[in-house]
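Order of appearance sets the numbers: ligands from 1, and atoms from 1 within every ligand.
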Amino acid sequence: MSSYAKSIALYERTRKSLAGGVSSNVRYASTPVPLFFARGEGACLYDVDGNAHIDYVLGNGPAILGHAPKPVIDAVAASLAQGQVYAAQHSRETDLAERLCRLLPGIEVVRFATSGTEAVLMAFRLARAFTGRTKILKFEGHYHGWTDQAFISVRPSLNEAGPAQSPVPVAGSPGMPPSVLEDTVVAGWNDLDLLRQAFERHKGEIAGIIMEPVMVNGGPTEPASGYLEGARVLCREHGALFICDEVITGFRAGLRGAQGRYGVTADLTIYAKAVAAGFPLALVGGRRDVMDTLLDKGVMHGGTYNGNVQSMAAALAALDVLEADGGAVYRGLEARGTRLMQGLASLARKHKVAMRVQGLPAIFQCFFTDGAAPRNYRESVACDKDKALAFHTALQDEGIRTNQNAKWFLSTAHDDAIIDETLAAADRAMMAIA
Ligand SMILES: Cc1ncc(COP(=O)(O)O)c(C=O)c1O
């Protein structure tokens with residue numbers, strides 16, 4: 001068993017000055033306490049007790065090139081002496097905007113922000129200003145940031161969530177005004193009939209629908225065949241904007257995100273996380289006529305750190321790596337992720353553990369169930385969370401870091417030797433929980 005004595009002592013000390021001892025509630029979910037790390041390099045993180053972790057959390061997604069990737073660090077280091085925030089324009093913004101418009105499906109024009117949460121708010125405001133409607137439709141189990149407008153029915157208890165055919169919007173936190181629920185329609189994901197019915201119930205009211213094109217936060221689940229295309233068509237029929245939240249899937253489901261992978265184009269898309277390989281950057285992009293409302297209708301969007309020098313430099317350097325040879329790194333990522341997924345599934349069979357591995361090669365989860373593969377939030381929460389936590393804990397003892405639901409992110413730094421090492425450790429961890 002690893003020792004976490006220094007993390008435990010630091011956590012006790014930190015709680016006295018930092019609320020809850022963490023800077024994001026998500027970080028409470030760690031055993032035995034929120035761990036303290038000293039350093040990250042490539043696929044590994046090193047904690048203050050000297051334990052090495054092969055890291056499959058990767059900052060919850062951004063570290064697509066692993067920790068401290070040299071080309072990105074070098075580019076950011078070279079930019080540091082040029083300043084950080086100008087409250088004015090600079091040509092790195094232009095270079096990055098042009099590159100993203102060339103690369104990403106449906107992106108005619110972009111606007112930079114700093115976090116995914118606020119970029120989602122910008123997309124909501126654009127959709128409302130463009131359509132003159134108020135309601136946003138979101139899907140159960142999908143996460144779009146922690147704001148009052150978005151943190152609705154993300155992890156609702158099924159006692160409160162109402163019928164699957166017409167879920168009740170559930171506020172995700174104390175302190176949220178009830179009025180936000182009136183402006184939100186919630187639907188079950190991955191079922192076109194449910195979406196069609198929701199549109200019918202709220203005819204002419206819905207400004208836009210927002211979804212994770214691959215549900216990741218509610219348990220990595222690919223869209224059913226034809227689902228994204230069908231949602232696209234329904235949005236057109238009902239005059240609503242199709243907003244894709246590619247904060248996680250962007251530059252992870254492939255070089256052109258989930259939309260490139262599945263051949264669908266949204267009206268507005270939000271990217272963040274992997275786009276700057278660990279530096280804070282988010283963006284909203286999409287149709288020129290919608291984005292032009294920023295200027296034409298005076299739709300307000302601001303942010304002191306938007307387009308800051310280092311985030312632009314980081315994203316440009318990350319794109320150099322991700323785009324090289326037509327996105328060659330993604331072929332390796334897919335191959336090694338597939339091998340890891342298949343290896344974990346075969347270990348579960350070997351140890352007679354009822355477990356499915358589901359998602360994409362660069363983002364997947366071990367679902368503990370002897371039933372069918374989950375297709376939506378309600379089926380995903382029905383899987384055995386205690387078993388997932390036990391596997392996560394056993395993996396941590398073996399030097400493998402996943403999140404507590406046994407969700408895995410992969411980076412280009414996880415090479416074949418690391419995958420072999422991970423599977424050997426997972427074999428022992430699986431034996432421990434079998
Ligand atoms: C799909 C999705 N959208 C939005 C967000 C919010 O992004 P941020 O944490 O950068 O505010 C997240 C964060 O995990 C996310 O997973």
Is there at least one pair of N or O atoms, one from T117 and one from ligand 1, spaced under 3.5 Å apart?
-> yes

Taking only non-hydrogen atoms of H144 and a 4.0 Å limit, the atoms of ligand 1 in range are 3 (N), 4 (C)

Does Y143 reach ligand 1 with a nitrogen or oxygen that is under 3.5 Å from one of the ligand's nitrogen or oxygen atoms?
-> yes

Which one holds for V216 and ligand 1: side chain close, backbone close, both close, or neither close, with close meaning a heavy atom under 4.0 Å?
-> neither

Does G145, backbone or side chain, put an N or O under 3.5 Å from an N or O of ligand 1?
-> no

Test applied, side chain to side chain contact (heavy atoms under 4.5 Å, CB included); reference residue, M312; option that passes from V76, T94, D95, L281 = L281

Thinking salt bridges, do R232 and D267 make one under a 4.0 Å N-O criterion?
-> yes

Distance to 0.1 Å, residue and atom name: give those for the protein heavy atom nearest to atom 16 (O) of ligand 1.
-> N217 ND2, 3.0 Å

Are the side chains of L395 and W408 in touch, meaning some heavy atoms are under 4.5 Å apart?
-> yes

Report, in ascending order of atom number, the atoms of ligand 1 lying under 4.0 Å from any heavy atom of E212.
-> 1 (C)

Could you check atom 8 (P) of ligand 1 against the protein and tell me its nearest heavy-atom contact, residue, atom and distance included?
-> G116 N, 3.5 Å

Is the closest side-chain donor-acceptor distance between Q259 and T269 under 3.5 Å?
-> yes

Heavy atom of K273 under 4.0 Å from ligand 1?
-> yes

Part of A272 within contact of ligand 1 (heavy atoms, under 4.0 Å) | neither

Closest to atom 3 (N) of ligand 1 by heavy-atom distance, out of T147, D245, T249, V154, is D245

I248 neighbourhood, listing ligand 1 atoms whose heavy-atom distance to it stays under 4.0 Å = 16 (O)

Report yes or no: do Y46 and E41 form a side-chain donor-acceptor pair below 3.5 Å?
-> no

E334 with R261: basic N within carboxylate O range, under 4.0 Å | yes

Are side-chain N/O atoms of D245 and H142 paired as donor and acceptor at under 3.5 Å?
-> no

Sub-4.5 Å side-chain heavy-atom contact between N308 and Q84 = no

